[in-house]
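Beneath this line is the structure, given in structure tokens, with notes to follow.
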2 protein chains.
Amino acid sequence: MSRTVKLSDVAHHAGVSVPTVSRVLRGVPNVAPELKAKVEHSVTVLGYRPNRLAKSLREQRTNIIGYLTAGTVATFHNILAQGIQDAAIEQGYAVITGHGSSVEREIMYAQIFEGYQVDGLIVVPSSDTDPYLEVVSGYLPVVEVDRTIGSFSCHAVLLDNRGAIGQAVDHLVELGHRNIGLIYGDAPVSTEVERREGFLERLAVHGLPVNPAHLASDVFSEDGGVRAATHLLTQKSPPTALITTTNEMLAGAVQAIRHLGLRLPHDVSLIGMDDTRWARLMDPPLTVIAQPAYDMGYKAGQLLIKALDDSAAHPAEPRVQRLSAQLIVRSSTAPPKEASPMTS
Amino acid sequence: MSRTVKLSDVAHHAGVSVPTVSRVLRGVPNVAPELKAKVEHSVTVLGYRPNRLAKSLREQRTNIIGYLTAGTVATFHNILAQGIQDAAIEQGYAVITGHGSSVEREIMYAQIFEGYQVDGLIVVPSSDTDPYLEVVSGYLPVVEVDRTIGSFSCHAVLLDNRGAIGQAVDHLVELGHRNIGLIYGDAPVSTEVERREGFLERLAVHGLPVNPAHLASDVFSEDGGVRAATHLLTQKSPPTALITTTNEMLAGAVQAIRHLGLRLPHDVSLIGMDDTRWARLMDPPLTVIAQPAYDMGYKAGQLLIKALDDSAAHPAEPRVQRLSAQLIVRSSTAPPKEASPMTS
DNA sequence: TTGTACGCGTTATCAC
DNA sequence: GTGATAACGCGTACAA
């Protein structure tokens, strides 16, 4: 639970009775304008937020609907969600879910969740800048998964993004590539930032120069991948290998390569993110960086629940877990056209 | 809400006080064995089920964790879930989610949801036989999506499965195919049954004979698809076209066709289910039956909420909505090898 | 060992 | 128009 500013607090602050506050909040007609104003003032001043639990108990209606599915889970974020579910259920917790595509929506859901008095929050932030989450983390245990806002201190379960891209670079360098292109999303999320940095760092480790022209960012989508890959492969001295930081952009890269009449891996090598079904089914099957999606979700669930249990004891120091990715070598990577596997 | 058998009812029935019942239920040590037995008896007789809401309010702890994600949604069931979420949030409802891969798990989640006093339930049943769901639907509005148990009367939002497969058959017949194979899952779920029946019915409409050897069922997965397709294509007179009823089995069929050295659509035509990214990305791009996933979820949410609002007025007669699928013709279908497009 | 009384935060029914 | 008071279902001191 969190701050406990209740109806009676507001009533006391406004110098009225509890039912009056309730009436104002619910918009019941017969209320004196002056009292209404005073109540509304107190509400904002005290930062009152209704307790859905008590309301539900009283009204015999929760406004919660259960969604029970036997649907197949295949993508990264679903498998992750499945991990959270399993960890939660094992500890006797239930999960209330919201898909927040934008910061506004994210905030809306977070507030609704708070209304239902959730014990804690697991979140995949939609952006690097979410001031609301910072506030929430002040009085509610929060665990970030996959992505992190970074600017505030809370628990997190993340991929070792630098290491992940590092493995891809290592593999390509071993094959003899010296001109590797990176396709990444331009959204301000931690995964993209870290993967980009990991790429540059690993290039440096191998003593390879960084060619800014071989870095292409675009919208974090299939179309963005098409554009970025096309841009990279149509320049005068194109890279001999491409790495994409997301599954969506990988799909775009595949399309672009095909559209340009290039063959995989003969003309260009390609490594993407996430070991999805289609990556295996492509012709040729794609070399990918596999994320431990289920583990990430499961560990996030465990971490949050542990934080919940410990909250009484220690004030829970922020704990960040980094999980390793696994490079799965298939047939979209090969030595570059005019080069021997061992470059000096 | 539902049946309201509370602690005090049990106490009265057992001839003890409320706290005693509470103690027994929570396993507090100091309780007389005889009273314990009496209480437990009353609990089962009355069918008492704890109200998590009241417990949460009292304990200042809900055991609910919020999961907020900006993760991408790509598969059928995710888009469907997104539709439910949107419909719910628009009406001021929250969604608590559970993934039930088996009937046991499904029942477990349903009970947990009931504990949280959900107003209603939306469910994708995992099997045709779930006695518990029948019971639940007696006192809680239930909407089935995608699949239906069928044996009890409740609301449902389903695909027009017969029509969907019918479109696929029509398309293949127009191309000149007369020997069409069907690959379907052997799980006892309504979608599989209806799609199989729709296939047979449509064949009859075209005056085409049914060849039992061209019907292959297997486990509802990629591997199952591989086996079924291999079985179908390696017999003496194989079908010239294949239809799969699920996306998973489609993936298996693609693999089998490739493994057998067959070319798409030259050697065999193929139509599958769900317009997923990889179906578009395949070489050649796959002709598929696209389901209105988001609409199905959204309509299910609307239907449930309407049922909730109406529950006071009319006892809510069961309402079943059938949504149409759309055949998306791409390049995995073509006239059969030795046949003109127009067969007599 | 068991029962009484109260509180969790809110809404609904009454008098005033 | 407004404010006591009770109730929603459960857990927990405290007293018996």
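Every chain is numbered from 1 and lettered A, B, ... according to where its sequence line falls, protein lines coming before strand lines.
- B:Ser190 and B:Thr148 share no side-chain donor-acceptor pair at under 3.5 Å.
- In this structure, B:Arg26 reaches the D:dT12 phosphate: one of its side-chain N or O atoms is under 4.0 Å from OP1 or OP2.
- Counting any heavy atom pair closer than 4.0 Å across all strands shown, B:Val31 reaches sugar-phosphate atoms only and no base atom.
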- [ ] Could you provide the dot-bracket string of DNA chain D, using ( ) for intrastrand pairs, [ ] for crossing pairs and | for bases paired to another strand, with Watson-Crick or G-U pairs below 3.5 Å?
- [x] ||||||||||||||.|
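- Applying the 3.5 Å distance criterion, the base of C:dT11 shares a donor-acceptor pair with the side chain of A:Arg58.
- Across the protein-nucleic acid pair, B:Asp9 atom CG and D:dC10 atom C1' stand 13 Å apart, rounded to whole Å.
- Between D:dG11 and D:dA15, the distance separating the two P atoms is 22 Å to the nearest Å.
- Counting all heavy atoms, side chain and backbone alike, B:Leu121 lies closest to B:Phe113 at CD1-CD1, 3.6 Å.
- For C:dG3, the OP1/OP2 oxygens have a side-chain nitrogen or oxygen of B:Thr20 closer than 4.0 Å.
- Side-chain proximity of A:Pro50 to D:dG1, C:dT10, D:dG11: nearest is C:dT10.
- As a whole-Å value, the separation of B:Leu7 CG from D:dC10 C1' is 6 Å.
- Phosphate proximity of D:dG9 to B:Lys6: present, with a side-chain N or O under 4.0 Å from OP1 or OP2.
- Atom CZ of A:Arg322 sits in a crowded spot, with more than 12 heavy atoms from other residues, nucleotides or ligands closer than 6.0 Å.
- Side-chain N/O atoms of A:Asn51 include none lying less than 4.0 angstrom from OP1 or OP2 on C:dT10.
- A donor-acceptor contact under 3.5 Å links the side chain of B:Arg23 to the base of C:dG3.
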Open item on the list: Between B:Thr97 and A:Val95, does the side-chain contact (heavy atoms from CB on, under 4.5 Å) criterion hold? Intermediate values first, please.
Closed with: CA-CA 6 Å; B:Thr97 313; A:Val95 179; 5.8 Å; no
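- A:Tyr294 and A:Tyr298 have parallel rings, their planes meeting at less than 30° on a 0 to 90° scale where 60° marks the start of perpendicular.
- Projected onto DNA chain C by closest heavy-atom contact, A:Ala54 and B:Glu34 fall at different nucleotides, the more 5' of which corresponds to B:Glu34.
- One finds a side-chain N or O of B:Tyr48 lying less than 4.0 angstrom from the OP1 or OP2 phosphate oxygen of D:dC10.
- Taking atom CZ on B:Arg52 and atom P on D:dG11, their separation rounds to 9 Å, with Å as the unit.
- For B:Lys38 and C:dT1, the NZ to C1' distance is 14 Å, given to the nearest whole Å.
- Using a 3.5 Å distance cut-off with no hydrogens or angles, the side chains of B:Gln85 and A:Tyr109 do pair a donor with an acceptor.
- A close approach under 4.0 Å does not occur between any side-chain nitrogen or oxygen of B:Ser22 and OP1 or OP2 of D:dC10.
- The CE atom of B:Met296 lies 5.0 Å from the CG atom of B:Asp146; values are rounded to the nearest 0.5 Å.
- With respect to B:Lys36 and B:Glu40, a salt bridge is recorded, a charged nitrogen being found less than 4.0 Å from a carboxylate O.
- B:Lys36 has its NZ atom 12 Å from the P atom of C:dT2, to the nearest Å.
- Taking atom NE2 of residue A:His12 and atom P of nucleotide C:dT10, one finds them 16 Å apart after rounding to whole Å.
- Following rounding to the nearest Å, B:Glu59 (CD) and C:dG9 (P) show an atom-to-atom distance of 14 Å.
- If you take CG of A:Leu57 and P of C:dT11, they are 12 Å apart, rounded to a whole angstrom.
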